[in-house]
Amino acid sequence: MYIRKDDVVEVIAGADKGTRGAVLRVLREKNQVVVKGVNRVYRHLKPSKRNPQGGRIDKEMPVDASNVMLVDPATNQPTRLGVRYLPDGSKELFAKKSKTRIRVLSKPNPKYAAKA
């Protein structure tokens, strides 16, 4: 999974389809992400000493990573992702539609450098 915290994603399936938001947390072991403003639920609290009024707290719940797509910074549209090696041997993540770089994934490695 190439989605990280603070990436902007768009929901492509489910009740919140079409909603964009920043990733708050990534749960790699469950293949889920928590996106700001997506999949909100209410937690009802009884009155207590800490919260004498009680009430409802709304919070975001995790969404499966397959239901979100990263937003391409160049076109501002959801895009699929690809991985490619650069001539110096470093690996980068890129947007498939616009071919623009999203982030560098690894340092230059001479094993994967282009032969001159």
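Remark: side-chain polar atoms of S106 are paired, donor with acceptor, to backbone N or O of K91 under 3.5 angstrom. R28 places a side-chain N or O within 3.5 Å of a backbone atom of M1 that can act as its donor or acceptor partner. A side-chain donor-acceptor contact under 3.5 Å links D7 to the backbone of R4.
A salt bridge is absent between K36 and D6: the closest approach of a Lys/Arg side-chain nitrogen to an acidic carboxylate oxygen does not fall below 4.0 angstrom. A salt bridge does not link E92 to R103: none of the charged nitrogens lies less than 4.0 Å from a carboxylate oxygen.
Between V9 and V35, some side-chain heavy-atom pair lies under the 4.5 Å cut-off. Counting heavy atoms from C-beta outward, L81 and I102 have side chains that approach closer than 4.5 Å. Inter-residue side-chain proximity for Y2 and V83 is flagged as met; some heavy-atom pair is nearer than 4.5 Å. Residues V34 and K5 form no side-chain contact, since every pair of their non-hydrogen atoms from C-beta on lies 4.5 Å or further apart.
Separating the CD atom in E29 from the CD atom in Q32 is a distance of 9.0 Å, to the nearest 0.5 Å. Interatomic distance, NZ of K46 versus CD of Q53, reported as 16.0 Å (0.5 Å rounding). Separation of atoms OG1 (T19) and CG (N39) is listed at 10.5 Å; rounding is to 0.5 Å. Here the CG atom belonging to D58 is positioned 13.0 Å from the CZ atom belonging to R43, to the nearest 0.5 angstrom. Rounded to the nearest 0.5 angstrom, L86 CG and L105 CG are separated by 10.0 Å.
When every heavy atom of P78 is checked against every heavy atom of E10, the shortest pair comes out as CG-OE1, 3.4 Å.
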Practice prompt. Determine, stepwise, if the pair V38 / K17 fulfils side-chain contact (heavy atoms from CB on, under 4.5 Å).
Written response: CA-CA 9 Å; V38 173; K17 182 176 179 177; over 6 Å; no

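Among residues two or more places apart in sequence or in another chain, the side chain to side chain donor-acceptor pair (under 3.5 Å) test is passed with Q77 by none.
Cation-pi geometry between R101 and F94 is not met: the NZ or CZ atom fails to fall both under 6.0 Å from the ring centre and inside 45° of the normal.
Heavy-atom contacts from other residues, nucleotides or ligands closer than 6.0 Å to CZ of R80 number 12 or fewer.
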Could you give the side-chain donor-acceptor pairs of residues 59-74 under 3.5 Å, partners two or more places apart or in another chain?
from	atom 1	to	atom 2	distance (Å)
E60	OE2	G37	N	3.1
E60	OE2	R40	NH1	2.5
D64	OD2	S66	N	3.1
D64	OD2	S66	OG	2.7
D72	OD1	A74	N	3.2
D72	OD1	T100	OG1	3.2
D72	OD2	T75	OG1	3.2
D72	OD2	S98	OG	2.5

